[in-house]
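First comes the structure, then the notes that go with it.
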Amino acid sequence: MKTDNITNGEVLIKTIGLHKSFGSNHVLKGIDEEILKGEKVVIIGPSGSGKSTFLRSLNLLEEPSAGEIWFDGECITDRKCNVDRVRTKMGMVFQHFNLFPHLTIRRNITLAPVKLGLMDEEAANANADRLLIRVGLLEKAESYPGQLSGGQKQRIAIVRSLAMNPKVMLFDEPTSALDPEMVGEVLDVMKELANEGMTMVVVTHEMGFAREVGTRILFMDEGIILEQNTPKEFFANPRQKRTIEFLSKVL
Amino acid sequence: MKTDNITNGEVLIKTIGLHKSFGSNHVLKGIDEEILKGEKVVIIGPSGSGKSTFLRSLNLLEEPSAGEIWFDGECITDRKCNVDRVRTKMGMVFQHFNLFPHLTIRRNITLAPVKLGLMDEEAANANADRLLIRVGLLEKAESYPGQLSGGQKQRIAIVRSLAMNPKVMLFDEPTSALDPEMVGEVLDVMKELANEGMTMVVVTHEMGFAREVGTRILFMDEGIILEQNTPKEFFANPRQKRTIEFLSKVL
Amino acid sequence: ASTPTVDVIKSRGKLVMLTNAGFPPFEYVSEGAVCGVDVDIAREIAAELGVELEIQDMDFDGIIGAIKSGKGDLGIAGMSVTEERLKNVDFSVNYVDSKLVILVKDGNTEITGADTLSGKKIGVQSGTTSDVIATGVDGAEILRYKTFLDAATAMKSGKCDAVVVDEMTANEILAVNKDIVMLEEVLSTEQYAICMRKGNESLQEVVNTVLNRLLAEGKIDEYIANHMASGE
Amino acid sequence: MDFLKDIFKDIIDKLNTALIVEGRWKMLLGGLGNTLVIAFFALIIGVILGIIVAVIKVAASMNKKSKILAVLDFLSNIYINLIRGTPVVVQLMIMYYVILVSTTNSVLVAIISFGLNSGAYVAEIMRAGIQAVDKGQTEAGRSLGLSSLVTMKEIVLPQAIKNILPALANEFITLLKETSIAGYVAISDLTKAGDRIRYSTYDPFTALLIVAGIYLVLVLGLARLFSMLERRLRRSENR
Amino acid sequence: MDFLKDIFKDIIDKLNTALIVEGRWKMLLGGLGNTLVIAFFALIIGVILGIIVAVIKVAASMNKKSKILAVLDFLSNIYINLIRGTPVVVQLMIMYYVILVSTTNSVLVAIISFGLNSGAYVAEIMRAGIQAVDKGQTEAGRSLGLSSLVTMKEIVLPQAIKNILPALANEFITLLKETSIAGYVAISDLTKAGDRIRYSTYDPFTALLIVAGIYLVLVLGLARLFSMLERRLRRSENR
Ligand SMILES: Nc1ncnc2c1ncn2[C@@H]1O[C@H](COP(=O)(O)OP(=O)(O)OP(=O)(O)O)[C@@H](O)[C@H]1O
Ligand SMILES: Nc1ncnc2c1ncn2[C@@H]1O[C@H](COP(=O)(O)OP(=O)(O)OP(=O)(O)O)[C@@H](O)[C@H]1O
Ligand SMILES: [Mg+2]
Ligand SMILES: [Mg+2]
């Protein structure tokens with residue numbers, strides 16, 4: 001199944017000489033990377049190496065200091081590009097879920113499609129129901145986020161992004177804030193998504209997930225992609241000293 | 001080595017019918033347990049099952065609602081018992097380190113022994129140096145906690161407790177707040193401590209540590225100790241449905 | 001507080017005068033200090049006692065309360081003697097005759113006398129006899145300011161229609177405000193005196209002695225003339 | 001016993017003089033009315049002004065390129081600094097004698113003056129409220145493709161306003177107390193009514209204690225009421 | 001050009017009348033001095049009182065069994081409610097006319113009155129500061145065998161005081177503005193000096209703007225100074 005998804009060969013995201021500094025802190029130091037349609041790219045690396053910053057740059061939550069980002073054939077770092085429109089096509093899932101606490105689950109899911117005029121209320125509700133059924137949370141539609149467990153919240157966050165029909169899903173440590181027993185239910189939803197052919201970029205510490213689902217592992221260190229490979233090769237034969245050191249600590 | 005430590009057979013901590021409620025929330029529902037000198041007891045269980053509450057009851061950070069706790073032959077839940085004196089003999093290490101940010105590392109370690117009149121300034125400093133050398137952090141003696149990494153902070157927190165010469169060390173998820181790469185350095189210190197014969201009670205999600213270091217695993221669920229066994233037996237043949245379910249999620 | 005008898009004042013070495021320095025020519029501020037007719041009188045009393053004079057400048061409506069509670073020895077503030085006040089403090093002999101008059105803006109044809117004040121906004125200084133008289137006007141709205149000068153300032157911009165005020169102060173106001181006029185009608189005539197704590201006979205005697213001497217020597221008229229002049 | 005009776009009689013006497021004689025309680029009632037009216041309408045002005053200024057400031061800090069926002073932000077800063085840099089009694093006198101010099105309705109002058117004053121403080125409360133909403137909320141909104149304006153209106157403001165309701169209740173209480181200086185410009189508020197009783201009865205003790213008592217009942221009563229409402233609100237949130 | 005010259009001359013004239021004629025600037029200077037003296041000493045009283053009350057309240061909430069603490073806590077609550085429930089101008093008059101009736105030093109009365117007022121607010125600031133120190137700090141101290149008193153003194157208070165320094169600086173500025181009502185009771189503060197200039201020049205505009213300007217410079221200057229000190233303090237913390 002895996003191979004099906006990556007033989008496509010069409011470039012979906014491309015970064016050219018991507019740099020990012022926060023003040024004098026040079027965090028991303030030139031990243032040139034292509035992500036193909038259907039790939040499941042897993043990004044790992046030590047804390048502070050720039051994983052989140054890279055991921056957040058892809059949908060311009062961080063404005064790059066230099067370099068270009070192309071998405072679906074369009075240069076989205078161009079001034080004339082409408083960022084809001086681009087973002088509707090890139091789903092993002094955060095470590096801390098970031099559900100809207102003052103809205104019901106249903107409203108969390110339908111707010112953006114309706115406000116952006118992509119669907120009318122009715123269609124958005126039907127779509128939300130369909131997605132909620134898929135993650136087994138339809139009965140929570142009228143609940144508020146505060147009434148859900150962490151695992152449930154994260155599944156809703158994924159659904160909220162999916163409701164926009166994105167072309168790629170970005171995940172920033174989606175299971176790090178979860179109690180261990182809830183990690184599984186979120187990973188299951190992500191695996192299903194992967195199997196359906198969704199293009200995914202995932203920052204995670206879950207090496208099992210990386211091995212099983214990833215089609216490619218990027219190892220980031222100090223603002224660059226130090227090493228990359230297929231999961232099998234990557235875990236079996238890490239080449240860089242830093243990679244070996246890191247893997248020895250987390251495996 | 002392991003067996004050396006537990007053949008001692010002398011009871012260090014004993015709880016009799018221990019109950020704890022927070023308001024109407026009945027968290028500990030009658031715990032009868034004996035911890036022998038030299039044992040390394042590992043407590044696991046789902047979130048909210050009362051692991052922390054049980055551990056914190058042992059040194060009376062939580063006042064039990066009912067039941068007795070005996071420590072070193074003394075009933076410490078007795079009104080007449082001087083809690084402060086008992087606590088000097090029970091080290092406690094917290095998930096979030098709880099170092100004193102306004103004091104240097106040295107002062108963090110020497111504050112209690114000096115203020116309690118157990119040592120003079122000079123002896124306390126010498127003792128601190130000895131312990132710092134042991135965890136490889138002597139050069140941080142004059143730093144402030146804010147200048148240390150998470151792993152370093154937790155090692156200092158362990159040292160701070162050890163400076164009191166405790167008879168038992170209580171650990172509440174000592175590695176849960178650490179970045180994955182720093183977990184190892186803290187577990188190493190704990191293993192060393194275990195090998196030296198320290199009695200330890202550890203709440204943790206690190207199953208590897210439980211298996212390797214623990215002499216006994218307690219599985220808590222909904223305020224009781226549902227099942228307990230040696231690590232080998234526990235992981236190989238869990239008996240209760242809840243235990244099996246839990247292990248299937250975290251392993 | 002113990003009654004500030006002459007002995008007390010002498011041993012303390014100072015005489016505390018309470019006043020409200022917004023009532024020219026009796027008390028006003030010049031060269032950074034409170035001066036005026038009342039201050040000149042107070043100096044004479046202090047000299048008679050052989051002590052220094054300390055002046056405390058406060059809201060007029062608090063003076064009697066402060067005298068009662070011993071915050072000061074003498075209230076000298078162009079204060080008219082009334083029956084209400086006599087119930088609470090003792091007064092010296094009268095030292096000035098005064099009249100209450102009405103000020104209006106130049107060109108105001110609606111207000112021509114006391115009987116035309118009904119339904120109007122009358123500005124007064126809080127706690128003065130003007131306040132009492134104006135409060136007695138049927139249907140009038142009374143605006144109680146901290147000083148007559150505030151009331152006059154407010155009237156100039158139309159915040160009130162008339163100001164009821166002592167004649168001599170009215171003249172001081174007229175001297176610097178060309179757009180204000182005084183009506184001829186006199187609302188009441190009254191006498192100023194110095195107030196002090198009840199039963200303080202020794203002090204009252206000294207004050208009366210000084211006042212009588214100043215009156216006999218024509219000094220008070222002289223003071224008034226002086227301060228009226230300097231007001232211009 | 002006689003001793004107690006005397007004291008009791010004395011108190012009754014004093015209260016009688018301060019409240020009943022010459023219908024003085026009517027003055028207090030009128031003063032109380034003015035105090036409440038001024039505080040209430042000043043709060044309304046303050047909240048409206050405060051939200052506008054806060055949104056301008058937050059918008060300007062997020063969008064550093066807009067010239068219009070920069071100008072509005074600059075003006076907002078002047079306003080906030082002028083108000084916070086001077087005592088409210090001085091502001092009131094400037095409003096009365098200088099800016100609104102031709103307004104003959106003194107209560108209106110006080111409402112505007114205290115309202116302008118309150119606006120600067122509400123703006124800071126509101127701004128803190130907006131900034132206290134987790135940045136993740138804005139990021140989640142933006143990453144769904146919502147514009148910054150829609151994100152502010154649909155996601156941030158509703159949470160911010162709910163959070164600052166207790167602070168607004170507090171602001172009303174603060175205003176209520178602050179209006180006690182309205183007497184400076186000839187307004188008959190509660191404190192001024194007390195002053196009149198004080199100087200017409202020559203009994204500062206009774207008059208001041210009555211006034212203080214009324215404020216106390218008012219302030220503590222309102223504080224309790226507000227915290228009850230807050231608790232009920234929180235409970236009805238069912239989350 | 002002539003038009004501008006006229007305006008300019010007019011301003012100079014007005015300033016001259018308000019400040020130079022009869023040495024009126026001296027009054028302002030004296031008033032400013034009193035304002036600063038009152039605010040400064042009131043702050044000192046306020047801080048001392050505030051820390052005492054805060055420690056009592058925190059201790060009482062931790063140790064519910066002690067009767068003495070319960071009584072002290074009860075008294076503290078009365079004090080805080082009385083102060084926060086009434087306007088400061090009413091408090092000042094009560095202090096002047098009723099409680100400190102035999103004190104003839106008005107500035108002293110003002111210092112005590114504003115100090116007592118400030119204490120109630122500092123107590124709340126300090127209490128919040130103590131409670132903002134992570135509970136884990138107390139737990140760490142206690143689990144080392146330190147008594148609650150030693151833990152409070154060695155671990156909690158040092159962190160709490162450092163945290164509330166900015167709030168105390170703010171309290172001083174608030175006091176500075178609040179003393180503007182001292183003129184109510186025979187104190188020649190800055191505002192009162194402005195009033196006197198207003199009375200003798202019949203020019204409210206100039207007098208009030210000068211006073212407002214002085215307060216503004218003072219308040220904004222102090223605010224900037226305090227935030228500079230705070231930044232330096234934070235930097236020198238080297239952590
Ligand atoms: N908004 C920001 N402002 C300033 N510095 C930032 C900001 N976001 C990140 N940084 C800095 O950029 C560096 C990289 O951070 P980033 O969050 O990308 O690391 P990471 O690899 O995701 O680490 P982690 O595994 O801890 O999440 C860090 O030094 C961090 O302090
Ligand atoms: N101080 C407290 N006040 C009220 N309830 C509390 C308190 N501490 C714990 N609880 C409640 O007691 C229950 C057990 O909490 P406890 O922290 O002991 O669980 P735990 O097993 O340690 O879970 P975790 O793995 O999440 O740390 C939970 O329902 C929790 O909400
Ligand atoms: Mg990250
Ligand atoms: Mg726990």
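Just so it is clear: chains get the letters A, B, ... in the order the sequence lines come, proteins before strands, and each one is counted from 1.
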(request) With a 4.5 angstrom heavy-atom cut-off, could you sort out which part of E/Ser180 is near chain D: side chain, backbone, both or neither? (result) both
(request) Can you tell which part of E/Leu82 gets under 4.5 Å to a heavy atom of chain D, answering side chain, backbone, both or neither? (result) both
(message) Taking E/Arg84's backbone N and O only, do any of them form a donor-acceptor pair with D/Lys177's side chain (distance below 3.5 Å, no angle check)?
(response) yes
(message) Do D/Val211 and E/Met93 make a side-chain contact, defined as non-hydrogen atoms from C-beta onward lying under 4.5 Å apart?
(response) no
(request) State, to 0.1 Å, how close E/Tyr184 and D/Asp195 come at their nearest heavy-atom pair, and which atoms those are. (result) CE2-OD2, 3.9 Å
(request) Provide the closest heavy-atom pair for D/Val90 versus E/Ala212 in the form atom of the first, atom of the second, distance. (result) CG1-CB, 3.9 Å
(request) To the nearest 0.5 angstrom, please state how far the CD1 atom of D/Ile214 sits from the OG1 atom of E/Thr86. (result) 12.5 Å
(message) Working to the nearest 0.5 angstrom, can you tell me the gap between D/Leu220 CG and E/Asn81 CG?
(response) 5.0 Å
(request) Output the option from E/Leu208, E/Val219, E/Leu209 having the highest count of non-hydrogen pairs under 4.5 Å with chain D. (result) E/Leu208
(request) For atom CZ of D/Phe205, decide whether the heavy atoms of other residues, nucleotides or ligands shown that lie under 6.0 angstrom number more than 12. (result) no
